[in-house]
Amino acid sequence: MKMLNAVFLSWGLLLAAPAYAGFYIEPGITYEKGDNELDWPAPLSSSTGTTRGLGFDLKLGYHANDVFFIGLEGAYSKPKFENSATDYSADATSTLYGAVVGAQMPVVGLRIWGGYIFGGDLDPEEDNGVDVKFEEAKGPKVGVGIKLFMVSVNLEYMDLEYNKSKLEKAGPVSGELDSKLKNKVGLLSMSFPLTF
């Protein structure tokens, strides 16, 4: 009988304890700077370039024990795409989606996370008669941040590879664009992590 009372008391205490878990949402504003590499078809060759611009992202998931979080992430940005081979310089639209898992210290507010980008596109506008599009982004992502009250200031890094490149308008370029764009991206962001 004492054992049964102890079990009921334990369950009662667990059910009455405050819950430190729940639905997790984190909208954020981002600034990105990327360094890219691409092998162009003839008569061009290997080239380097940059992406820079503002965007926003959103993480949705589950936050457990006021420490661990896991979720899905989507990002949208409007960077300037520049590449040395054709002096390509145009506004672009970038979309990415992936998953993230991380932890934060409840009192100090230090946060760390890692994740993987499963897909996305980078679509620069036409410049000098050339129009390209990069699809099927993949690659790892890591981040660190500090949360003060309701705001987190974050630094993130992504090592992306776009598996499909399309030459939508060739201009002076001949041949197929069959190489993969590699883009190493650093992000500075301000986000608002909330648990319900």
Side-chain angles (χ1 to χ4, degrees), residues 22-38 48-63 67-84 88-106 108-125 127 132-165 180-196:
F23 177 70
Y24 160 74
I25 182 170
E26 183 175 357
I29 301 166
T30 63
Y31 178 79
E32 70 178 72
K33 181 191 179 302
D35 293 312
N36 62 62
E37 297 176 7
L38 182 66
T48 59
T50 60
T51 52
R52 296 172 197 244
L54 292 172
F56 64 89
D57 69 356
L58 181 66
K59 297 178 180 71
L60 296 172
Y62 184 75
H63 197 183
V67 175
F68 302 102
F69 56 90
I70 185 168
L72 300 175
E73 177 178 22
Y76 175 87
S77 64
K78 294 289 285 183
K80 173 77 87 175
F81 176 83
E82 296 182 341
N83 193 268
S84 63
Y88 203 124
S89 180
D91 293 331
T93 300
S94 172
T95 56
L96 297 170
Y97 60 89
V100 64
V101 60
Q104 72 178 27
M105 298 174 71
V108 180
L110 179 65
R111 312 169 75 223
I112 58 170
W113 60 91
Y116 195 81
I117 301 300
F118 295 113
D121 299 336
L122 178 63
D123 189 5
E125 295 175 3
D127 185 48
V132 294
K133 183 176 182 179
F134 308 101
E135 300 175 327
E136 298 179 9
K138 291 189 179 2
K141 177 177 185 175
V142 294
V144 63
I146 186 81
K147 181 182 175 187
L148 302 169
F149 302 106
M150 298 295 290
V151 178
S152 182
V153 178
N154 315 300
L155 287 173
E156 297 178 282
Y157 174 78
M158 298 183 291
D159 191 356
L160 300 176
E161 185 172 85
Y162 292 80
N163 289 328
K164 188 183 289 184
S165 301
K180 298 178 180 181
L181 176 75
K182 296 178 181 178
N183 198 17
K184 299 179 186 303
V185 183
L187 290 138
L188 174 64
S189 68
M190 182 172 63
S191 61
F192 307 90
L194 303 168
T195 302
F196 301 96

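If you're wondering where the values come from, they're calculated on a predicted model, not measured in any experiment. No hydrogens, no waters, no symmetry mates; every other heavy atom, side chains included, goes into these values.
Between Lys78 and Asp91 there is no side-chain heavy-atom pair separated by less than 4.5 Å. Side-chain contact between Glu125 and Asp127 is absent, with no heavy-atom pair separated by less than 4.5 Å. Contact check for His63 versus Phe196: no side-chain heavy atoms found under the 4.5 Å cut-off. By the 4.5 Å heavy-atom criterion applied to side chains, Tyr157 and Lys184 are counted as neighbours. Side-chain contact between Leu96 and Ser77: absent, with no pair of heavy atoms (C-beta onward) separated by less than 4.5 Å. In this structure, Phe134 and Lys180 have side chains that are not in contact, with every pair of non-hydrogen atoms separated by 4.5 Å or more. Here the side chains of Glu156 and Val185 are not in contact, with every heavy-atom distance at 4.5 Å or above. When side chains are defined from C-beta on, Leu155 counts as touching Leu188, because their heavy atoms get closer than 4.5 Å.
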Evaluation steps, side-chain contact (heavy atoms from CB on, under 4.5 Å), between Val144 and Leu110: CA-CA 8 Å; Val144 63; Leu110 179 65; 4.1 Å; yes

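A side-chain donor-acceptor contact under 3.5 Å links Asn36 to the backbone of Gly49. In this structure, Asp159 contributes its side chain and Gly139 its backbone to no donor-acceptor pair below 3.5 Å. With hydrogens and angles ignored, the 3.5 Å screen pairs a side-chain donor or acceptor of Ser84 with a backbone N or O of Thr48.
Using a cut-off of 4.0 Å between Lys/Arg side-chain N and Asp/Glu carboxylate O, Arg111 and Glu26 are scored as salt-bridged. For Glu135 and Lys133, the salt-bridge test passes: some basic side-chain N is under 4.0 Å from an acidic carboxylate O.
Under a cut-off of 6.0 angstrom, the local environment of CZ in Phe68 is sparse, with at most 12 non-hydrogen atoms contributed by other residues, nucleotides or ligands.
Distance check, rounded to the nearest 0.5 Å: NZ of Lys80 to CZ of Arg52 gives 12.0 Å. Leu187 contributes atom CG, which lies 4.5 Å from atom CE of Met158 (distance to the nearest 0.5 angstrom). To the nearest 0.5 Å, the span separating CD on Glu37 from CG on Asn183 amounts to 9.5 Å. One distance of note links OH of Tyr97 with CG of Asp121; it measures 8.5 Å at 0.5 Å rounding. Between atom CG of residue Leu194 and atom NZ of residue Lys59 there is a gap of 12.5 Å, rounded to the nearest 0.5 Å.
Counting all heavy atoms, side chain and backbone alike, Thr50 lies closest to Asp35 at CG2-OD1, 3.8 Å. Contact between Asn154 and Ser152 at its shortest, heavy atoms only, is OD1-OG, 2.6 Å. Between Asp57 and Glu73 the shortest heavy-atom distance is OD2-OE2, 3.1 Å. The minimum heavy-atom distance between Tyr162 and Ala137, with the atom names listed, is CE2-CB, 3.4 Å. Across all their heavy atoms, Ala92 and Phe81 have their closest contact at CB-CB, 4.1 Å. Lys141 and Ile117 make their closest contact through CD-CD1, 4.3 Å (heavy atoms, listed as atom of the first residue, atom of the second, distance).
Thr51 and Lys33 share no side-chain donor-acceptor pair at under 3.5 Å.
The aromatic rings of Tyr76 and Phe56 sit tilted, their planes meeting at an angle between 30° and 60°.
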